Number of protein chains: 2
Amino acid sequence: MKYPTLYARIGAWAPIPEVEWDKAEALGKAVVFAKRARFLEPGQPADRFGFVLTGLFRAYRVSEDGVESVKAFRAEGELLGAYAEQLQGLPSATFIEALEPSTVLSFHSADLDTLEAGHPSWTQLARRIAEHHFVLKERREQEFLELDAEARWLRFREEQAHLIGRITQAEIAAYLGITPVALSRIVSRLRAR
Amino acid sequence: MKYPTLYARIGAWAPIPEVEWDKAEALGKAVVFAKRARFLEPGQPADRFGFVLTGLFRAYRVSEDGVESVKAFRAEGELLGAYAEQLQGLPSATFIEALEPSTVLSFHSADLDTLEAGHPSWTQLARRIAEHHFVLKERREQEFLELDAEARWLRFREEQAHLIGRITQAEIAAYLGITPVALSRIVSRLRAR
DNA sequence: CCTCGGCATTAACCTGGGTTAACGATGGGG
DNA sequence: CCCCATCGTTAACCCAGGTTAATGCCGAGG
């Protein structure tokens with residue numbers, strides 16, 4: 001067992017026997033990413049996923065007219081991958097890029113099939129992960145439907161406080177769906193009150 | 001087999017043996033909903049789900065300040081339920097309301113456990129459904145991040161063309177995250193061009 | 001020490017969409 | 001047949017957030 005911290009974290013999602021975990025560690029590869037290096041980028045097959053061991057990534061898209069929007073930040077213990085594209089058998093439409101020097105335990109999509117064939121706990125894990133990510137996205141949908149930019153920023157600051165300071169304000173703005181200028185205005189307006 | 005159309009539709013998600021399907025039909029109850037009647041509303045336990053047999057529903061929330069935002073429309077063959085709340089063991093925060101006289105094949109959450117205990121195809125189905133709904137929500141997230149109201153309307157008109165005419169423009173506006181007035185403006189502006 | 005590149009801030013101006021309200025069309029019920 | 005409820009339309013006005021651009025603040029590298 002090389003990654004007990006990760007094992008503990010994932011074990012909370014679904015109870016993975018230690019033997020099974022050892023099989024997974026044998027399949028995965030620890031990969032180092034320099035700042036700005038990419039785990040995945042558009043056009044590449046979405047046939048890999050990974051867990052952040054150390055560091056921080058952002059998953060983002062670039063629209064036709066060149067605007068970057070951030071879908072998520074992923075820190076230690078969290079999952080990396082173009083999950084939606086992978087499920088649909090499409091090539092990635094997403095950049096997944098290190099915001100800090102990072103390390104990742106990286107897998108091929110097929111590794112999951114191998115593990116699932118060997119023990120049902122992996123299937124259970126996969127389902128839990130799908131369900132969890134659904135809940136996250138629905139929460140975000142609700143934020144866009146109900147909240148203006150200031151309220152979204154306040155919620156971000158509350159719920160992802162641990163990220164503030166590690167990422168630039170411009171990246172947060174791209175996550176909130178506004179421009180860096182607008183976020184700066186909001187922040188200073190709140191500071192004034 | 002009372003609902004072969006539904007069986008065909010769900011069978012496309014995961015291959016359910018006919019015997020298993022018959023068990024499900026025995027657990028489910030066909031329920032009639034008048035227009036405006038509710039399958040579920042906030043505060044109720046999110047312990048049921050159903051499939052639309054005929055008719056049309058909307059799932060919506062009402063924010064603190066009384067604004068309705070529509071999370072989804074659900075027509076024949078589609079799933080009803082406060083899925084996110086159910087997964088989190090929370091009471092519903094969602095209204096699920098018939099927009100037309102409708103019928104639903106309705107289940108208790110526990111029925112799914114029963115079915116899963118009897119045959120693995122139900123587990124597979126549950127996973128597929130989770131994954132599918134994740135993809136839907138991520139697509140919507142992207143629309144809010146990248147598109148303005150006009151572009152969201154155009155995409156809605158394209159992808160959910162079958163709903164237009166069955167639902168009012170005001171309901172579409174609540175789905176797009178804008179006011180009915182704004183949508184009316186957009187529609188007439190496009191008509192003019 | 002100076003320079004340069006990346007960020008945040010601020011200002012001026014513009015625009016998409018919100019708000020309120022008046023008006024019209026449609027259609028079902030008495 | 002008329003009434004009234006429901007919806008969509010349009011107009012006037014307002015404001016949040018976008019756009020562009022200038023300024024200033026580091027911090028890393030020469």
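For the numbers below, each heavy atom of this structure counts, side chains included, while hydrogens, waters and symmetry mates do not. Lettering follows sequence order; numbering is per chain, from 1. Please read all numbers here as calculations on a predicted model, not as lab measurements.
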Helical bend (five base pairs per end, nearest 10°) for the helix from C:dC1-D:dG30 to C:dG30-D:dC1: 20°
By side-chain hydrogen bond (donor to acceptor under 3.5 Å, both in side chains) - contacts of A:Arg191 (at least two apart): none
Using a cut-off of under 3.5 Å, enumerate the N/O to N/O pairs linking the protein to nucleotides 28-30 of chain D.
none

Pair listing, ring pair (Phe, Tyr, Trp, His ring centres under 6.0 Å) test, anchored in residues 95-123 of chain A, at least two apart: A:Phe49-A:Phe107, A:Tyr60-A:Phe95
Integer-rounded Å distance: D:dA16 C1' and A:Leu147 CG: 15 Å
B:Arg189 atom CZ, over 12 foreign heavy atoms within 6.0 Å: yes
Listed partners of A:Glu171 passing salt bridge (charged side-chain N to carboxylate O under 4.0 Å, His left out), at least two apart: none
Check: B:Leu56 and B:Ile167 side chains under 4.5 Å, non-hydrogen atoms: yes
Protein proximity profile, nucleotides 23-30 of chain C - base contact B, sugar-phosphate-only contact S, no contact -, cut-off 4.0 Å on heavy atoms: --------
Close side-chain approach of A:Gln169 and A:Val187, heavy atoms under 4.5 Å: yes
Contacts of type side-chain hydrogen bond (donor to acceptor under 3.5 Å, both in side chains), residue B:Lys137, not counting sequence neighbours: A:Glu141
Proximity of A:Phe134 and B:Phe134 rings by center, below 6.0 Å: no
Verdict with reasoning, B:Tyr175 to B:Phe156, per ring pair (Phe, Tyr, Trp, His ring centres under 6.0 Å): CA-CA 9 Å; B:Tyr175 176 81; B:Phe156 179 86; 5.4 Å; yes
Inter-residue atom distance B:Glu18.CD - B:Ile16.CD1, 0.5 Å rounding: 11.5 Å
Six-ring centre of B:Phe39, B:Arg74 cation under 6.0 angstrom, axis tolerance 45°: no
By side-chain hydrogen bond (donor to acceptor under 3.5 Å, both in side chains) - contacts of A:Thr114 (at least two apart): none
Distance in Å, A:Glu143 CD paired with A:Arg155 CZ, rounded so as to fall on 0.5 Å steps: 4.5 Å
Rounded distance (Å) that lies between atom C1' of D:dG8 and atom CD1 of B:Ile172: 12 Å
All salt bridge (charged side-chain N to carboxylate O under 4.0 Å, His left out) counterparts of A:Arg166, not counting sequence neighbours: A:Glu76, A:Glu100
Under 4.0 Å protein heavy-atom contacts per nucleotide of nucleotides 8-17 of chain C, with B for base, S for backbone only and - for none: SBBBB----B
Nearest-Å distance for atom pair CD1/P, residues B:Ile164 and D:dG8: 12 Å
Neighbours of DNA chain C within residues 58-66 of chain A, by heavy-atom distance under 4.0 Å: none
Partners passing side-chain hydrogen bond (donor to acceptor under 3.5 Å, both in side chains) against B:Glu116 (at least two apart in sequence or in another chain): A:Arg127, B:Thr123
